[in-house]
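Just so it is clear: chains get the letters A, B, ... in the order the sequence lines come, proteins before strands, and each one is counted from 1. Keep in mind that this is a model prediction, so the values were computed, not measured.
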Amino acid sequence: MDLSFLNELNESQRSAVEYTEGASLVIAGAGSGKTRVLTYKIAYLLKNGMAPSSILALTFTNKAAREMKERIAAMVGEKTARYLWMGTFHSVFSRILRSEAERIGYSKNFTIYDSADSKSLVKTIVKELKLDDKVYKHGFVQSRISYAKNNLITPDAYLANADLIKADVTSRIPLMKDIYQIYCNRCKQADAMDFDDLLLQTNILFRNHPDTLQKYQQLFGYILVDEYQDTNFAQYLIVKKLAEQHEKICVVGDDAQSIYSFRGANIDNILKFKSSYKNARVFKLEQNYRSTQTIVNAANSLIDKNAQQIRKTVFSEKETGKPIKVLSVFTDFEEGFIVANNISDLRFSDKYHYQDIAILYRTNSQSRVMEEALRKQGIPYRIYGGLSFYQRKEIKDVIAYCRLVCNPNDEEALKRIINYPARGIGDTTVNKLIECSQLHAVSAWEVLSDMLKYNLPVNAGTANKLAQFRSMIDVFAEQITTQNAYDLANSVVKVSGVIADTYTDHSPESMSRQENVQELLKAIHEFCETKQANGEPTALLPDFLSEVSLLTDQDTDKETDKDKVTLMTVHAAKGLEFKAVFIVGMEEELFPSPFCTQSERELEEERRLFYVALTRAEELCYISYAKSRFKNGKTNFSNPSRFIKDIDEQYLDMPAEAKPKQARINDWDDDMETERNRFKSSFSKPIFKENSLPVSPKRMVKISNSAGDKVPTENGSIPTGAFVKHGIFGIGKVLETSIVNGNEKADIDFGEKGVKSLLLKFAKLEVLE
DNA sequence: GTAAGAAAAATTTTT
DNA sequence: TTTTTCTTAC
């Protein structure tokens, strides 16, 4: 047996890998080779003769699972790696739930409701109960339901819990308990589970069927859990039960990177691991192999401000590295411009490829400005998150058809497509149908199957349309087991008229919808082929659905996405690393999020989130904040984030004070001046860039409401028509100069490189005589 | 029952 | 800003 790969580990990593006797907790600081420990440990178990099918490895994302599997396959061979139980909690247990579904009253082909389905269901229930949806906001109701499920509180238990009932009365939503009850009933009736159900129902399965639990206890000889700091109670208990007998379990995590409490993650799971598993051994990985000393030290100084944490000393032995550059800008628009400029500089320095660079932000909505700026400068990028492929309308429509075919009880799918494409079944009819189905406590489909029996109050014409719709779905449903997924999906989109509907005109939107539908069909085709190549039985439509419902667009990496700048939220960046990282929008009211500044606990989580962002960087890290930002159709003023002050300033490259303030205040109107003062007092550091061009008071303009307002200038620092030289674009001719939000901007024609809009403050231009 | 157009609302992070 | 809901005319 060749175990030489163990020599590639440091001492603490190696002891964590080699300890397989009992429970172990690996506290892994950022960049300390956590994934390496997990992969090597699995390889070590395999080389020691453990069967791959008895190893359960739970990860946080599908992507993490896939990458780990690939790395293991490279070490022990693809054939062995294939049989590992590796995936997210949700995907592994949905698989188990499918094979055990009958035991808990679901069918094998149960639907998985995504958050949009849950939201829609919550809204219908609130409406049916004739409650005010401004009081019973779907977001709040949803999170309340999610909270209950994550803590394994069933509707009955909810009802019996005086604290919860009291809390709801105080929050003026006393009927919360009823909504929860009805929500669960409706899911059950639709043969559907939401994301939280996948964990809750697994617990119910294990609780009510000890023999089933035992079966899996025996199956899983060793359990590994990644990102343990982000597990919730439901996940904790599943793991705890499965490992009960042998305690052959290894969990890996970093309390400093716990950033999912809004999803029910309980940091206590990792903090109290030793009391859950009495004989647990703890390994600490403290050497950071990812980042420069400056970045590691800066991150340490930040996280030090958190009271709640397991103290550890993360250190780096890499070079000192450059200080973190803090960029101060006037608008979000300019922020994009400057970040894009810096990226160009990095790219042309030849030390960095686009793929080495990431832009991280707190909210998805910030991606737009960045995107625009990158596009203007011709920088290729790839956005993760936001509206993913599977959330597009046309894709959801097709998927809804497929879902209904596989599970006719799926109410959300039915509502979505019963009148798409339009077939004369309007809201009134649908409402009657749903009402009738609730009256008889059956699914809407059941009513459709026998409209007379359930006395559906519709006229003959409508009844006919409904019957037509029903028989169309019926025909498809009969083919579930005979046709493969691709063939069936193909006839669904044709016969249903979805294809015809997307072909209505030649507008770009219509074209893109067609492409998306084709793309989806292609994906189904590929799915079938992969299954076949693996020697599995024919891939059926339900198989595809069960896989696709847990997929996010992070899982659809394409070859063409190779050398591109990455744009994503900080949450999505967890576990990733980049040579250079730009953390943008470091402002109060944004990062930390205003929703998270109520309690110290939430604030500490935001700080950890910033910690995660910082520690993604290997060599260079930039932080930027704008003084005004376009948000919800309005321009808002903002102050730098309090978190910047939390970093020891010796690691920062702060913008230095450029001008005495009197020179700058002159032309600002009263409003603006108070804003400015508020800004200054909240942040003791100087706010103007050292090397910014002197701007005379005469040319200062107040920050306008629309980001793009510009004031033409006659005699800027550079005359119109002059020739200038730029480090990247070469020689160009100045077409026009203007002041945009107080900054001199020049439109310059660089010939083949195109016309560029550059802020003179930042562009290094040489005027040619 | 449908479509279009106007008004109002909503905005964190994700499996 | 975008998205959802309401109104109105066909």
Side-chain angles (χ1 to χ4, degrees), chain A residues 58-65 87-94 112-116 118-120 123 127 133-134 137-140 142-143 146 149-150 193-199 227 230-232 234-235 258-265 332 360-369 372 384-388 390-391 393 419-432 458-459 461-462 465 549-555 568-574 585 589-597 602 605-606 608-610 612-613 629-636 705-707:
Chain A
L58 297 164
T59 60
F60 196 70
T61 61
N62 294 308
K63 196 179 174 192
T88 62
F89 272 90
H90 292 84
S91 73
V92 166
F93 293 107
S94 72
I112 296 174
Y113 273 179
D114 64 15
S115 10
S118 308
K119 174 177 147 188
S120 156
K123 278 183 158 182
K127 210 176 259 174
D133 59 358
K134 287 182 189 68
K137 295 191 176 184
H138 67 257
F140 188 72
Q142 252 182 304
S143 68
S146 178
K149 289 190 175 184
N150 286 151
M193 294 200 198
D194 65 13
F195 287 139
D196 300 319
D197 271 329
L198 295 175
L199 306 174
E227 309 281 10
D230 284 320
T231 51
N232 59 35
Q235 290 166 323
S258 162
I259 54 173
Y260 279 95
S261 74
F262 71 92
R263 225 174 73 188
D332 47 351
L360 306 182
Y361 34 76
R362 177 69 241 263
T363 68
N364 275 308
S365 57
Q366 288 165 260
S367 68
R368 182 168 307 234
V369 217
E372 232 162 77
Y384 290 81
L387 189 67
S388 80
Y390 290 102
Q391 288 171 333
K393 186 197 168 294
N419 196 34
Y420 173 80
R423 47 174 75 87
I425 304 171
D427 290 347
T428 338
T429 309
V430 175
N431 287 337
K432 277 182 198 160
V458 289
N459 61 40
T462 312
K465 287 173 190 161
S549 44
L550 293 170
L551 229 52
T552 59
D553 75 339
Q554 304 226 11
D555 305 317
M568 55 169 62
T569 63
V570 183
H571 281 90
K574 191 172 80 161
E589 312 285 290
L590 186 62
F591 200 169
S593 158
F595 299 93
C596 301
T597 45
E602 289 172 301
E605 174 149 322
E606 290 287 300
R608 290 195 294 268
L609 189 57
F610 186 33
V612 168
R629 182 171 294 275
F630 198 65
K631 207 174 171 184
N632 307 333
K634 276 204 304 249
T635 299
N636 296 305
N705 275 340
S706 63

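- Nearest to the side chain of A/Ser115, among B/dT15, B/dT14, C/dT4, sits B/dT15.
- Only the C1' atoms considered, C/dT5 is 24 Å distant from B/dT12, to the nearest whole Å.
- Here C/dT1 presents its C1' atom at 14 Å from CZ of A/Arg629, a figure rounded to the nearest Å.
- In terms of the side chain to side chain donor-acceptor pair (under 3.5 Å) criterion, residue partners of A/Asp114 (sequence neighbours excluded) are, by chain and number, A/Lys396.
- Judged by ring centres under 5.5 Å apart and planes tilted less than 30 degrees, A/Tyr260 fails to stack against the six-membered base ring of B/dT14.
- Under the rule for a side chain to side chain donor-acceptor pair (under 3.5 Å), A/Ser593 has no partner lying at least two apart in sequence or in another chain.
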Would you mind building the protein contact string for nucleotides 1-11 of chain B? One character per nucleotide, 5' to 3', B for base within reach (heavy atoms under 4.0 Å), S for sugar-phosphate only, - for untouched. SS--------B
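- Close to C/dT1, at under 4.0 Å from its OP1 or OP2, lies no side-chain N or O of A/Ser365.
- Atom NE2 of A/His90 is separated from atom C1' of B/dT14 by 9 Å (rounded to the nearest Å).
- Contact annotation: A/Arg263 does not reach the phosphate of B/dT12 (side-chain N/O to OP1 or OP2, under 4.0 Å).
- In this structure, A/Thr88 reaches the sugar-phosphate backbone alone: every heavy-atom distance under 4.0 Å involves primed, P, OP1 or OP2 atoms, never a base.
- Of the possible donor and acceptor atoms, one in the side chain of A/Arg608 sits under 3.5 Å from a partner among the backbone N and O of A/Ser258.
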Given the rule that a pair is Watson-Crick or G-U wobble with both distances under 3.5 Å, how would you write DNA chain B in dot-bracket, using | for pairs to a different strand? ||||||||||.....
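- Across all strands shown, A/Lys123 has heavy atoms under 4.0 Å from sugar-phosphate atoms exclusively, and none from any base.
- Following rounding to the nearest Å, A/Lys393 (NZ) and C/dT4 (P) show an atom-to-atom distance of 12 Å.
- Shown here is A/Lys127, whose NZ atom has no more than 12 heavy atoms of other residues, nucleotides or ligands within 6.0 Å.
- Separating the C1' atom of B/dT13 from that of C/dT4 is a span of 22 Å, rounded to the nearest Å.
- Partners of A/Thr429 by side chain to side chain donor-acceptor pair (under 3.5 Å), not counting sequence neighbours: none found.
- Aromatic ring centroids of A/Tyr260 and A/Phe60 lie under 6.0 Å apart.
- In this structure, CG of A/Asp230 is placed 11 Å from C1' of B/dT13, rounded to the nearest angstrom.
- Going from atom CD of A/Gln142 over to atom C1' of B/dT14 covers 12 Å, rounded to whole Å.
- With sequence neighbours excluded, no residue forms a side chain to side chain donor-acceptor pair (under 3.5 Å) with A/Arg263.
- Ion pairing between a basic and an acidic side chain is recognised when a charged N comes within 4.0 Å of a carboxylate O; A/Glu589 and A/Arg629 show no such pairing.
- Listed for the A/Asn636 side chain is no donor-acceptor partner under 3.5 Å among the backbone atoms of A/Phe630.
- Picking from B/dT14, B/dT12, B/dT15 the nucleotide with the shortest atom distance to the side chain of A/Asn364 gives B/dT14.
- The environment of NZ in A/Lys432 is crowded: more than 12 heavy-atom neighbours from other residues, nucleotides or ligands sit within 6.0 Å.
- Separating the CG atom of A/Asp332 from the P atom of C/dT1 is a distance of 13 Å, rounded to the nearest angstrom.
- The distance between atom NZ of A/Lys63 and atom C1' of B/dT14, rounded to the nearest whole Å, is 15 Å.
- Between the CG atom of A/Asn636 and the C1' atom of C/dT1 there is a distance of 12 Å, rounded to whole Å.
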